[in-house]
Student: 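Next up is a structure, given as structure tokens.
Quick note on labels: first sequence line is chain A, next is B, and so on, each numbered from 1.
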There are 2 protein chains.
Amino acid sequence: MTPCECAVADCLLCEARLLSGLAEQQVCSVPGLILRELRAPGEFLFHQGGPSRHLYVLKAGYVKLAAALPDGREQVLGIGVEGNLLGFEGFSQEVFPYSAQALTPVHVCGVRRTDMTRILTGNPKVTLDVLRVLNAELERSKALIMDLGLRTAPERVASFLLSLLPPGRTWERELPLPLKRREIAEMLGLREETVSRVIAGLRRERVIRTRQGKVQILDFARLRSQAGFSPAEVPESRFATA
Amino acid sequence: MTPCECAVADCLLCEARLLSGLAEQQVCSVPGLILRELRAPGEFLFHQGGPSRHLYVLKAGYVKLAAALPDGREQVLGIGVEGNLLGFEGFSQEVFPYSAQALTPVHVCGVRRTDMTRILTGNPKVTLDVLRVLNAELERSKALIMDLGLRTAPERVASFLLSLLPPGRTWERELPLPLKRREIAEMLGLREETVSRVIAGLRRERVIRTRQGKVQILDFARLRSQAGFSPAEVPESRFATA
DNA sequence: CGACCGGTTGATAAGAGTCAACATCCGTGG
DNA sequence: CCACGGATGTTGACTCTTATCAACCGGTCG
């Protein structure tokens, strides 16, 4: 019953038990089951098309999830944050349908797919948690679909900026923005130049302030109205889920 | 152990057992647990923003899943087909984040959310199945994101048409197309007129043939190349999952 | 028959993409 | 410590795709 050595609270995996040898023990303490990995910015956790032998739980850092078309066009499908499951689609498939690349120093726990199946079947509670996490991910995907399908460029950028806000907290603070213009564009189905222009506009209008990998929202109301949300509507955070 | 009265093979729910009173019995045979519903085309299974008291398993028919922005713009998020879970996001939320509307006569089984939790905790196997279905849905969402984020109008339409193909089967046959031009447009982030023009073009070029709620693919290779898929790549069916 | 709905087509406008130049930031090495 | 070089970000001029507005066709159903 020693707490998991990685010492992250509420970890899906750490909560799970596994019958190994004689006794039920915490998953984390079964030797060789969980591999803890550290990745530097730019490094890949896995590649689109590569064999999906592991699933990951993201413990710390930001990860870019992206898929490319054969001609090279790339779409950022989402940003993984602390607590997210990565490569879970590998659970029912042989190859990863997209790549995961560290944006910041990243800390993950990896589990072999086969082990994960065992863990899941033996831990209904964990499975329910996984269900919830997956559901949340589906939500985020649908939100991105809404952005791409029916918002204009300025609306998409505004919506994106709002999605940087952590759930409960209101704006005020300076927020980390681990994506380059290029990557924001690839996420929003726009071009780098367009994103730059829109952001420049927002800056001119004193709606936001940008500073080197950080953004500060100065006029929350205006940003929200520009994003096309209803006055009351609080856009669920699609980014900082942590 | 009487087979489920709805007589659909491989139904997630029917496979599940539930401890009710004294004995474990099939979920379907517990009176009052499953409500079977029949909906006419145009009718809603549930509304965006409405309270999510039930989850549904779609047994037969097509269902349109769509969400609207406060200003009325509507995005079709996907098409539900036989075997799909509907309103499952309600599992972790109080209100449905989108609406579900029958496109054809539709047959669903509904379960109260609270009952579903009980079913899931007691049936690890079912939970794994649900996981897989949810995963598949995530895939479909990501595929739509790819369409919206980096394909042009003609590419989107081609990609959409290919997504009508059932998984294993090759083209040849005439395929059902339960969506109006308007709805295709709402799904692809385009306008009715644009979809119409692109389809007209494909028809002129003898790539497809259209006839009253049906499409026939005449030139599979050309359609696939127009969609921007790699030569080998078979686009996973995002539509007729059944 | 006439109204309505879904679909098609045309002319024009607007939004975003493209290409190209330039500005900034930052790390590196002299 | 400063100067250079590459990567990132900004801005401008022009182009092209797709949206918009409008008319029209063909079927269906009162």
Side-chain angles (χ1 to χ4, degrees), chain A residues 40-42 64 69 71-76 101 103-104 147-161 176-205 207-215 226-228, chain B residues 41-42 64 69 71-76 101 103-104 147-161 176-205 208-215 226-228:
Chain A
K64 179 176 82 169
L69 246 40
D71 65 9
R73 285 177 284 179
E74 182 160 297
Q75 174 68 38
V76 173
Q101 187 179 20
L103 290 171
T104 60
D147 276 358
L148 295 172
L150 36 77
R151 285 196 231 265
T152 64
E155 288 170 340
R156 287 182 213 186
V157 173
S159 172
F160 168 80
L161 288 171
L177 178 54
L179 298 180
K180 310 186 211 306
R181 296 285 179 275
R182 178 73 182 287
E183 295 169 317
I184 298 173
E186 283 172 345
M187 179 159 179
L188 301 180
L190 301 171
R191 290 317 176 129
E192 193 180 341
E193 297 94 324
T194 306
V195 171
S196 187
R197 278 186 244 271
V198 172
I199 287 184
L202 289 171
R203 215 171 19 217
R204 257 195 308 279
E205 308 255 345
V207 176
I208 62 168
R209 177 176 308 180
T210 63
R211 207 170 64 188
Q212 193 44 343
K214 302 223 177 298
V215 220
Q226 166 144 21
Chain B
K64 179 176 83 170
L69 246 41
D71 64 9
R73 286 177 283 179
E74 183 161 295
Q75 175 67 38
V76 173
Q101 186 178 21
L103 290 170
T104 61
D147 277 358
L148 295 171
L150 34 78
R151 286 198 229 266
T152 64
E155 287 171 340
R156 287 183 213 184
V157 173
S159 171
F160 169 80
L161 289 171
L177 178 54
L179 298 179
K180 310 188 213 305
R181 296 285 178 275
R182 177 72 180 286
E183 295 168 318
I184 298 173
E186 284 172 345
M187 180 159 177
L188 301 181
L190 301 171
R191 292 311 177 142
E192 192 179 344
E193 298 94 324
T194 305
V195 171
S196 185
R197 277 185 245 270
V198 173
I199 287 183
L202 289 170
R203 214 170 22 216
R204 256 195 309 279
E205 307 255 345
I208 61 168
R209 178 174 307 178
T210 63
R211 207 169 62 188
Q212 193 46 331
K214 303 222 176 299
V215 220
Q226 165 144 21

Student: If you define the side chain from C-beta out and look only at heavy atoms, does anything of B:Glu205 sit under 4.5 Å from B:Gln226?
Tutor: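 Side chain of B:Glu205 against side chain of B:Gln226, heavy atoms only: no contact under 4.5 Å found.
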Student: Under 4.0 Å, heavy atoms only, any strand: does A:Arg203 hit a base, just the sugar-phosphate, or nothing?
Tutor: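 Sugar-phosphate contact only.
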Student: Compute the bend angle of the helix from C:dC1-D:dG30 to C:dG30-D:dC1 from the end axes (five pairs per end), rounded to 10°.
Tutor: 30°
Student: Are any of the side-chain heavy atoms of A:Leu179 and A:Phe160 separated by less than 4.5 Å?
Tutor: yes
Student: Between C1' on D:dA19 and CG on B:Leu188, what's the gap in Å once rounded to a whole number?
Tutor: 15 Å
Student: For a quick check of understanding: with a heavy-atom distance under 4.0 Å over all strands, which category does A:Arg211 fall into, base, sugar-phosphate or nothing?
Tutor: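 Touches nothing.
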Student: Counting primed atoms plus P, OP1 and OP2 as sugar-phosphate and everything else as base, spell out the protein contacts along nucleotides 20-30 of chain D at 4.0 Å heavy-atom distance: B, S or - for each nucleotide, 5' to 3'.
Tutor: BB---------
Student: What is the nucleic acid contact for A:Leu190, judged by heavy atoms within less than 4.0 Å: base, sugar-phosphate only, or nothing?
Tutor: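 Here A:Leu190 touches the backbone only, sparing every base.
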Student: Report the distance from atom CZ of B:Arg151 to atom P of D:dT17, rounded to the nearest whole Å.
Tutor: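 After rounding, the gap between these two atoms is 18 Å.
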Student: State, to 0.1 Å, how close A:Gly228 and B:Leu69 come at their nearest heavy-atom pair, and which atoms those are.
Tutor: O-CG, 4.0 Å
Student: First contact, last contact: which nucleotides of DNA chain C are these for chain B, 5' to 3', heavy-atom distance under 4.0 Å?
Tutor: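 Footprint of chain B along DNA chain C, 5' to 3': C:dG6 to C:dA11.
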Student: Determine the minimum heavy-atom distance between A:Leu150 and B:Arg73, stating which atoms define it.
Tutor: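 Smallest interatomic distance, heavy atoms only, reads O-NH1, 2.6 Å.
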Student: Under 3.5 Å, is there a donor-acceptor pair between the side chain of A:Gln75 and the main chain of A:Glu186?
Tutor: yes
Student: Under 4.0 Å, heavy atoms only, any strand: does B:Gly189 hit a base, just the sugar-phosphate, or nothing?
Tutor: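 If one applies the 4.0 Å heavy-atom cut-off, B:Gly189 turns out to touch the sugar-phosphate alone, with no base involved.
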Student: Determine the minimum heavy-atom distance between B:Leu148 and B:Met187, stating which atoms define it.
Tutor: CD2-O, 3.8 Å
Student: Of B:Leu190, B:Val157, B:Leu177, B:Leu161, which is the lone residue that meets side chain to side chain contact (heavy atoms under 4.5 Å, CB included) with B:Ile184?
Tutor: B:Leu177
Student: Using the closest heavy atom to pick a nucleotide of DNA chain C for each, name whichever of B:Lys180 or B:Arg204 lands nearer the 5' end.
Tutor: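 In this pair, the answer is B:Lys180.
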Student: Taking all non-hydrogen atoms of both residues into account, name the closest pair between A:Leu103 and A:Glu183 and its distance.
Tutor: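 So the minimum-distance heavy-atom pair works out to CD2-OE2, 3.7 Å.
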Student: For B:Ala153 and B:Thr194, work out which heavy atoms get closest and say how close.
Tutor: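 Taking B:Ala153 first and B:Thr194 second, the nearest heavy atoms are CB-CG2, 3.9 Å.
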Student: Find out whether A:Ile199 and A:Val215 are in side-chain contact, i.e. whether some heavy atom of one side chain is under 4.5 Å from a heavy atom of the other.
Tutor: no
Student: Sub-3.5 Å donor-acceptor pair from the side chain of A:Arg156 to the main-chain atoms of A:Arg151, do we have one?
Tutor: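 Checking the backbone N and O of A:Arg151 against the side chain of A:Arg156, a donor-acceptor pair under 3.5 Å is found.
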